[in-house]
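Structure record follows, encoded as structure tokens.
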Amino acid sequence: MKIIHRDGTVSVCPEQEQISVLRHTAAHILAQAVKRLYPQAQFAFGPATEQGFYYDVDLGETKLTEADLPAIEEEMRRIVRENYPIKPFVLSRDDALALMRERGEDYKCEHIASLDEETFGFFRQGEYIDLCRGPHLTYTNALKMFRLTGVSGAYWKNDASRPMLTRISGTAFFDQEEMDAYFAQLEEAKRRDHRKIGREMELFLFDDAGAGFPFFLPGGVALKNTLIEYWRSLHKENGYQEISTPQILNSALWKQSGHWAHYQDKMYMTEIDGEVHCIKPMNCPGGIIVYNSRQHSYRELPMRMAELGQVHRNELHGTLHGLFRVRCLTQDDAHIFMTQEQITDEIVGVIRLIDTVYRQFGFSYSVELSTRPADSMGTDEEWAAATEGLCRAMELLALPYTVNEGDGAFYGPKLDFHLRDSIGRTWQCGTIQLDFQLPRNFDLTYIDEQNRRVRPIMLHRTCYGSIERFMGIITEHYAGRFPVWLAPVQVKILTLPGADAAYAERVRQMLAHEGVRVSVDDRPEKIGYKVRQARQVDRVPYMLIVGEREVREQVVSVRGRGDETEQMPPETFLAKIKTEIRNRI
């Protein structure tokens with residue numbers, strides 16, 4: 001596939017970049033179509049994304065809906081058929097600003113003015129010109145398979161104080177088979193939407209009284225607690241000590257940590273005793289206070305401190321999305337304080353722990369190394385040492401990884417773990433961040449073998465990422481059909497007309513006494529209706545059907561997620577399900 005660059009050269013596009021170039025070109029063709037249909041349109045940004053492309057547009061008083069998308073798509077097809085060559089050119093700063101002013105592109109002018117560059121690249125196709133670094137396809141008819149997928153709102157430069165723009169989204173592929181597979185996945189994702197399943201299974205809810213703050217119902221609490229119990233058991237086995245730190249800490253602490261300068265726009269604040277305090281957006285400063293509460297010896301290191309810390313973050317309303325993006329979340333945090341010599345071993349240990357967690361849930365994953373961002377703390381030497389430590393651990397485990405330049409935390413580089421779920425989607429969850437900065441900001445020390453005060457290295461890490469988001473991910477991964485050990489309700493007892501209610505209750509009590517999550521459906525409904533409710537809505541792993549015969553023979557009829565039914569004494573079933581729960585099946 002040939003592509004054209006900003007300087008006018010044409011080359012063969014590397015295979016790994018082809019889909020991005022295709023979608024970036026599609027975004028320009030979308031903008032050209034919008035400009036033809038809505039001449040007043042002004043354009044912001046229009047990038048390719050992992051799933052497709054979008055363009056943010058200011059349409060003035062015009063309100064676009066999804067009903068308008070077919071007309072825009074048809075205009076895009078016309079542009080493709082007209083087969084315009086895509087031609088680049090470069091202008092000086094003054095000429096670039098003059099061109100964009102002439103074309104009425106206020107957002108482009110503002111963007112040019114914000115950049116410290118002397119020349120700017122543009123691409124022309126027919127009558128349409130766009131500010132862009134490129135590269136692009138060489139002709140518009142190289143775009144074959146595309147579809148617009150939605151309309152939403154987006155703030156200019158993601159700033160809530162700036163204008164709300166119209167975001168038109170779409171996707172593009174090289175062939176029909178790829179596109180059909182993508183939209184089949186979207187339909188399956190809709191069926192698995194954790195918000196829908198959460199309502200049906202009564203796991204959690206959202207209310208306008210607290211936008212972005214989830215309410216967990218009994219079933220959701222059962223699932224959440226099961227995840228936490230599993231997390232605690234693994235961390236105990238791996239030498240972690242659990243701590244708990246305050247929700248609210250004074251602003252002086254956040255200034256010392258660097259969060260005030262780098263993260264203040266996401267922090268909620270209040271005033272206590274005439275002093276500004278912050279509701280914590282992260283757990284690490286609290287963990288540092290715990291470490292710094294007394295002097296430590298090298299013999300105590302590595303010190304692994306785990307915390308299920310609830311944090312609050314002021315996310316924009318438009319970015320909230322079920323459990324995936326909330327304003328209140330529980331991070332499964334841990335902070336490891338260690339010597340320079342322990343870095344590799346500790347990172348290897350964390351990677352193995354994360355691997356254990358993801359395999360338990362049936363996830364495969366990939367790893368991404370994010371390097372120093374422009375807005376960061378520390379010296380080049382510290383960043384180089386931290387990055388080398390992460391790379392060395394990955395190489396020791398022979399674990400492949402990709403590099404994401406400039407996307408590290410402000411205090412250190414990080415490894416991000418991207419899960420792949422049962423329908424092929426990826427989710428960023430676990431992370432490992434190596435930090436030389438906070439120990440220095442807080443003057444952390446330990447006493448080494450020569451009785452000297454030495455600064456420890458700090459490692460931040462999560463496995464789930466956040467309990468809430470992980471709950472949303474596994475709800476969609478399993479489509480609500482959780483394995484027995486995770487299921488909010490593991491057993492549902494269904495009574496037939498005429499059955500002895502006391503017998504069903506005795507079975508329930510026996511199971512509940514042994515820690516099985518069990519409920520009884522003794523409504524005067526037909527058994528077929530009860531089975532459908534338990535299987536399709538409640539999605540329970542086991543149904544125990546109790547009628548007159550079961551009472552007489554002192555058995556239960558056991559039906560799992562298949563259609564087979566097996567009779568056995570309640571005690572036999574109890575032994576079976578306890579084994580499955582213990583083995584996390």
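Nothing fancy with the numbering, it's 1 onward along the sequence.
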Note to self: Is it the case that the ring center of Tyr55 lies less than 6.0 angstrom away from the ring center of Phe43?
What the structure shows: yes
Note to self: Taking side-chain contact (heavy atoms from CB on, under 4.5 Å) as the definition, give me every residue that meets it alongside Ala409, ordered by chain and number, with sequence neighbours left out.
What the structure shows: Tyr411, Gln433
Check: Between the side chain of Asn238 and the main-chain N/O of Leu234, is any donor-acceptor distance below 3.5 Å?
Finding: yes
Note to self: Does the plane of the ring in Phe410 sit parallel, tilted or perpendicular to the ring in His259? Use 30° and 60° as the thresholds.
What the structure shows: perpendicular
Notebook entry, point to check: Roughly how far apart are Trp231 CH2 and Leu308 CG, rounded to 0.5 Å?
Noted result: 4.0 Å
Margin query: Quick test of your reading of the model: are Asp416 and Lys414 salt-bridged, counting only N-O distances below 4.0 Å?
Written below: yes
Check: Is it true that Asp443 and Arg455 have a side-chain N and a carboxylate O under 4.0 angstrom from each other?
Finding: yes
Checklist line | Residues Lys108, Asp130: salt bridge by 4.0 Å N-O rule | finding: yes
Next item on the list: Keeping the roles fixed (side chain from Thr171, backbone from Gln51), state whether a donor-acceptor pair exists under 3.5 Å.
Entry: yes
Notebook entry, point to check: Ion pair present between Arg425 and Glu476, side-chain N to carboxylate O less than 4.0 angstrom?
Noted result: yes
Item checked: Trp427: partners by ring pair (Phe, Tyr, Trp, His ring centres under 6.0 Å), with sequence neighbours left out -> Phe324
Notebook entry, point to check: Do Glu307 and Thr245 have a side chain donor and acceptor closer than 3.5 Å?
Noted result: yes
Note to self: Would you say CD of Gln16 has more than 12 non-hydrogen atoms from neighbouring residues, nucleotides or ligands within 6.0 angstrom?
What the structure shows: yes
Check: Can you tell me if CD on Glu242 sees more than 12 non-hydrogen neighbours from other groups inside 6.0 Å?
Finding: yes
Next item on the list: Check whether NZ of the Lys or CZ of the Arg Arg167 lies under 6.0 Å from the centre of the six-membered ring of Tyr54 and within 45 degrees of that ring's axis.
Entry: yes
Next item on the list: Calculate, to the nearest 0.5 Å, the distance between atoms NZ and CG belonging to Lys157 and Leu165 respectively.
Entry: 11.5 Å
Next item on the list: Applying side-chain contact (heavy atoms from CB on, under 4.5 Å), run through Ile467 and Leu329 and close with a yes or a no.
Entry: CA-CA 7 Å; Ile467 302 292; Leu329 56 136; over 6 Å; no
Check: Between Arg147 and Phe183, is NZ or CZ placed under 6.0 angstrom from the six-membered ring centre and within 45° of the ring axis?
Finding: yes
Note to self: Please verify the inter-ring angle class for Tyr365 with Phe417; under 30° counts as parallel, over 60° as perpendicular, anything in between as tilted.
What the structure shows: tilted
Notebook entry, point to check: Do Arg325 and Glu315 meet the salt-bridge criterion of a basic N to acidic O distance under 4.0 Å?
Noted result: yes
Item checked: Pairing of Glu405 and Arg372 as salt bridge, 4.0 angstrom limit -> no
Next item on the list: Verify side-chain contact (heavy atoms from CB on, under 4.5 Å) between His262 and Met377, making sure each step is shown before the conclusion.
Entry: CA-CA 10 Å; His262 297 272; Met377 301 161 56; 3.8 Å; yes
Note to self: Could you check whether atom OH of Tyr139 has more than 12 heavy atoms from other residues, nucleotides or ligands sitting under 6.0 Å from it?
What the structure shows: no
Next item on the list: Give every residue pair that meets the side chain to side chain donor-acceptor pair (under 3.5 Å) criterion with at least one member in residues 177-186, sequence neighbours excluded.
Entry: Gln176-Asp180
Item checked: Ionic contact status for Arg461 with Glu346, cut-off 4.0 Å -> no
Next item on the list: Verify the distance criterion only: is there a donor paired with an acceptor across the side chains of Tyr84 and Asn141 at less than 3.5 Å?
Entry: no
Check: Taking the six-membered ring for Trp, are His111 and Trp156 parallel (under 30°), tilted (30 to 60°) or perpendicular (over 60°)?
Finding: perpendicular
Check: Is NZ or CZ of Arg6 both nearer than 6.0 Å to the six-membered ring centre of Phe120 and within 45° of the ring axis?
Finding: no
Next item on the list: Kindly say whether the aromatic ring centers of Phe361 and Phe470 come within a distance under 6.0 Å.
Entry: yes
Notebook entry, point to check: Can a salt bridge be assigned to the pair Lys190 and Glu187 using a cut-off of 4.0 Å between side-chain N and carboxylate O?
Noted result: yes
Check: Roughly how far, to the nearest 0.5 Å, is CD of Glu468 from CD of Gln310?
Finding: 7.5 Å
Margin query: Looking at Asp193 and Arg195, is any side-chain nitrogen of the basic one under 4.0 Å from a carboxylate oxygen of the acidic one?
Written below: yes
